[in-house]
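Following: one structure in structure tokens, then a few remarks.
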Amino acid sequence: MKKMSKSTIALAVAIVAYIMFFILIAIYYMWVKEDSKTLRTVKLSDGTLSEGVWTLSDFDVKLGPRGGDSGAWLKDPILDENGNELHGASVGIIYEMVIENTSQAIISDWTMELYMPEYMWFNNAWCGDLEFHQSTDNGEKVQTIDLREYLSIDFELDYYIDHTGPMVPLSKGDKFVYYPSKADNEYPLVQKSETEEVHSSAVMGFIVYIPDKGLDYEAVFDNAMFSYHLQKSAWGEPLFLTLVGVDIGCLVLIIGFIMSQIRVRKLLKQQKHDAIIIEQSINTLINFVEAKDPNTKGHSERVAKIAYALACEMKYSARDCHDIRCIALMHDCGKIAIPVNILQKPDKLTDEEYEEIKRHTTVGGEMLRDFTSIKGMNLGALYHHERYDGKGYPQGLKGKEIPLIARIICVADSLDAMNSNRCYRPRLTKEVIVEELIKNKGKQFDPDVVDYLMKLINRGDVIIGE
């Protein structure tokens, strides 16, 4: 099974994360949508009372007498048409209820059930409809009416009419349900805003008469229950926005990764194309060099192969191993400037001829000076005849002063020379080659490079003497 690359794993993780967060977003969105359909109920007693205001989970409620000079008045006893007293003197009081949205959602379809704390007559209310639940001797009577339109109402409740309008007697524990008026902007109640005028609150008023009480009397309405829907928007929920943000981030990463992979593939394709051009150019130049000295044909390729094996054994990266091979291929390119009669001379070279052939290192280094596509391309040609003990040429560098690539090529070049038939001698045996390598550790060759080469020879990765 082919092992997945880190980039492929990262892309897979990003895609899985994107899908998971998308599913979470969909689930959260549906949950908010369904939650908006939930009918919520809350009692005044569920909240806290401070300075006449009840603080509940999603809104504040202020419920009490309106106050002021016109907030309460005394009323004389009421007599029926036969002069019988219907009730004695009473106090009339205007009560107001203010409900204000304090949530981050819209309060819609709200209603209020208000229970009577004692016996009283209900006279009027604004702005919505009221559903009265009235206890009588014959059981409970229920009727929904708008007391502002009482002249056209067919009353089913017990009541009587005086000059102030209808009087509906309610006993302690009776109740009415208030249905707010949408036309009067009592619902929906939107979120409160400090910068613009919005309908975030509603004011409901009603008038009651309480018998045998004075102007300073106040009935306490503290038994009420509210029912409502809370219309939330998922886009107003911090968690939802966080999930969306993370999901968008995953999507951006995926798109960015795919785009980068497309660019990388284009670059890799271009690099492969460039590598082919470089390889062909190098091989063409090697062909020119070897055409001057047919006796060494294939030498540069073999040296490059050994240098590549050494680089791999020394744990160079794949890119560096490729570059080392190319540098090794070009190590003798300076011989193109050496006369043919010297390169192909079967006899021992004179001192002057030897000095001329040594010149191929500096010529090769100069030829490759501007070859910048591969870092250090000229180092192999210039320094591959330097010796570890400092007795080499052209500069007499010593030990680690010699670039490592040149030390590798030096060993590979010498190994192929010993393992090849030359015009002046036959190929050496494996035993002699190994002996020469060991004998020249620390002298001609870098000891570490020789040790790596011996591992390759012992494993059979580099074959000599055949």
Side-chain angles (χ1 to χ4, degrees), residues 35-68 70-72 92-117 120 122-133 143-150 153 165 168 170 174-208 218-233 236:
D35 189 54
S36 297
K37 299 177 182 179
T38 302
L39 182 64
R40 304 167 187 269
T41 58
V42 62
K43 297 179 180 179
L44 277 182
S45 57
D46 295 331
T48 57
L49 178 63
S50 176
E51 298 180 355
V53 178
W54 294 89
T55 301
L56 301 175
S57 57
D58 297 311
F59 50 87
D60 289 346
V61 177
K62 183 177 181 181
L63 179 56
R66 185 173 68 180
S70 61
I93 306 174
I94 298 176
Y95 283 85
E96 282 187 344
M97 180 200 73
V98 180
I99 175 172
E100 182 166 16
N101 186 354
T102 58
S103 72
Q104 297 301 311
I106 298 174
I107 296 175
S108 65
D109 307 319
W110 67 270
T111 61
M112 178 191 67
E113 293 183 22
L114 186 62
Y115 291 84
M116 302 300 106
M120 60 185 64
F122 204 95
N123 176 245
N124 204 346
W126 56 90
C127 299
D129 295 335
L130 295 102
E131 179 184 285
F132 286 100
H133 292 250
Q143 184 177 11
T144 300
I145 56 179
D146 180 353
L147 289 177
R148 295 173 298 174
E149 304 293 334
Y150 70 92
I153 292 174
V168 179
L170 298 175
D174 287 351
K175 69 176 182 179
F176 67 85
V177 180
Y178 182 73
Y179 296 96
S181 169
K182 186 173 184 178
D184 292 303
N185 297 317
E186 291 187 328
Y187 78 92
L189 303 179
V190 302
Q191 300 95 318
K192 188 176 180 181
S193 173
E194 301 294 337
T195 59
E196 57 182 320
E197 185 176 345
V198 295
H199 298 295
S200 63
S201 62
V203 180
M204 175 263 185
F206 60 91
I207 300 173
V208 296
E218 177 181 328
V220 178
F221 290 90
D222 57 3
N223 188 1
M225 183 171 70
F226 295 84
S227 300
Y228 60 98
H229 288 99
L230 201 61
Q231 294 182 352
K232 296 181 178 179
S233 170

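As a basis for the values below, the full set of heavy atoms in this structure was taken, side chains included, without hydrogen atoms, waters or symmetry mates.
Screening Asp174, Leu170, Val177 against His133 for a side-chain contact (heavy atoms from CB on, under 4.5 Å) leaves a single residue, Val177.
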Throw together a table of side-chain donor-acceptor distances under 3.5 angstrom for residues 190-201, partners on residues two or more places apart or in other chains.
| from | atom 1 | to | atom 2 | distance (Å) |
| --- | --- | --- | --- | --- |
| Gln191 | NE2 | Gln104 | O | 3.1 |
| Lys192 | NZ | Glu100 | OE2 | 3.4 |
| Ser193 | OG | Thr195 | N | 3.2 |
| Ser193 | OG | Thr195 | OG1 | 3.3 |
| Ser193 | OG | Glu196 | N | 3.2 |

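Glu113 pairs by the salt bridge (charged side-chain N to carboxylate O under 4.0 Å, His left out) definition with Lys175, not counting sequence neighbours. For Ser108, the side chain to side chain donor-acceptor pair (under 3.5 Å) partners are Gln231, not counting sequence neighbours. With sequence neighbours excluded, no residue satisfies ring pair (Phe, Tyr, Trp, His ring centres under 6.0 Å) with Tyr179. Partners of Phe132 under the ring pair (Phe, Tyr, Trp, His ring centres under 6.0 Å) rule, at least two apart in sequence or in another chain, are Phe122. Residues that satisfy the salt bridge (charged side-chain N to carboxylate O under 4.0 Å, His left out) test with Arg66, not counting sequence neighbours, are absent from this structure. Contacts of Asp184 classified as salt bridge (charged side-chain N to carboxylate O under 4.0 Å, His left out), with partners at least two apart in sequence or in another chain: none. Applying the ring pair (Phe, Tyr, Trp, His ring centres under 6.0 Å) criterion to Tyr228, with sequence neighbours excluded, gives Phe59. With sequence neighbours left out, Thr102 forms a side chain to side chain donor-acceptor pair (under 3.5 Å) with no residue at all.
Remark: the backbone N or O of Ala202 is not paired with any side-chain donor or acceptor of Tyr187 at under 3.5 angstrom. Looking only at distances, a side-chain donor or acceptor of Tyr178 sits under 3.5 Å from a matching main-chain atom of Gly128. Of the possible polar contacts, one joining the Ser36 side chain to the Lys232 backbone as a donor-acceptor pair under 3.5 Å is found.
When all heavy atoms are compared, the tightest approach of Tyr95 to Glu218 is OH-C, 3.8 Å. For Pro117 against Ala219, the heavy-atom pair with the smallest separation is CG-CB, 4.2 Å. Across all non-hydrogen atoms, the minimal contact from Ile94 to Ser70 is CD1-O, 3.7 Å. Here the closest non-hydrogen pair linking Asn101 and Ile106 is ND2-CA, 4.2 Å. Smallest separation of non-hydrogen atoms from Ile93 and Pro65: CG2-CB, 4.0 Å. Shown here for Gly165 and Asn123, the closest heavy-atom pair between the two residues is C-ND2, 4.0 Å.
One finds a salt bridge joining Asp35 and Arg40 here, because a Lys/Arg side-chain nitrogen approaches an Asp/Glu carboxylate oxygen to under 4.0 Å.
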Could you walk me through whether Asp60 and Ile99 pass the side chain to side chain contact (heavy atoms under 4.5 Å, CB included) check? CA-CA 6 Å; Asp60 289 346; Ile99 175 172; over 6 Å; no
Met116 and Phe176: side chain to side chain contact (heavy atoms under 4.5 Å, CB included), yes or no, with the steps? CA-CA 8 Å; Met116 302 300 106; Phe176 67 85; 3.5 Å; yes
What verdict does the side chain to side chain contact (heavy atoms under 4.5 Å, CB included) test give for Leu147 and Trp126, after you've listed the backbone C-alpha separation in whole Å, the side-chain angles of each residue and the deciding distance to 0.1 Å? CA-CA 8 Å; Leu147 289 177; Trp126 56 90; over 6 Å; no
Starting from the C-alpha separation in whole Å, work towards a yes-or-no answer on side chain to side chain contact (heavy atoms under 4.5 Å, CB included) for Leu63 and Leu114. CA-CA 11 Å; Leu63 179 56; Leu114 186 62; 3.8 Å; yes
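For the atom pair OG (Ser227) and CG (Asp109), the distance works out to 11.0 Å, reported to the nearest 0.5 Å. Put simply, CG on Leu230 and CG on Asp58 are 4.5 Å apart, with the number rounded to the nearest 0.5 Å. The distance from atom OG1 of Thr55 to atom CG of Leu49, rounded to the nearest 0.5 Å, is 8.5 Å. Interatomic distance, CZ of Phe221 versus CE of Met120, reported as 4.0 Å (0.5 Å rounding). Distance check, rounded to the nearest 0.5 Å: CE of Met225 to OG of Ser45 gives 10.5 Å. Here the OG1-CG distance, from Thr111 to Leu130, works out to 11.5 Å after rounding to the nearest 0.5 Å.
Annotation: ring pair (Phe, Tyr, Trp, His ring centres under 6.0 Å) contacts involving residues 35-56, sequence neighbours excluded, are absent. Annotation: salt bridge (Lys or Arg N to Asp or Glu O under 4.0 Å) contacts involving residues 199-208, sequence neighbours excluded, are absent. Sorted by first then second residue, the salt bridge (Lys or Arg N to Asp or Glu O under 4.0 Å) pairs that include residues 43-57, not counting sequence neighbours, number zero.
Two residues are said to be in side-chain contact when any heavy atoms from C-beta on lie closer than 4.5 Å; Val61 and Met112 fail this criterion.
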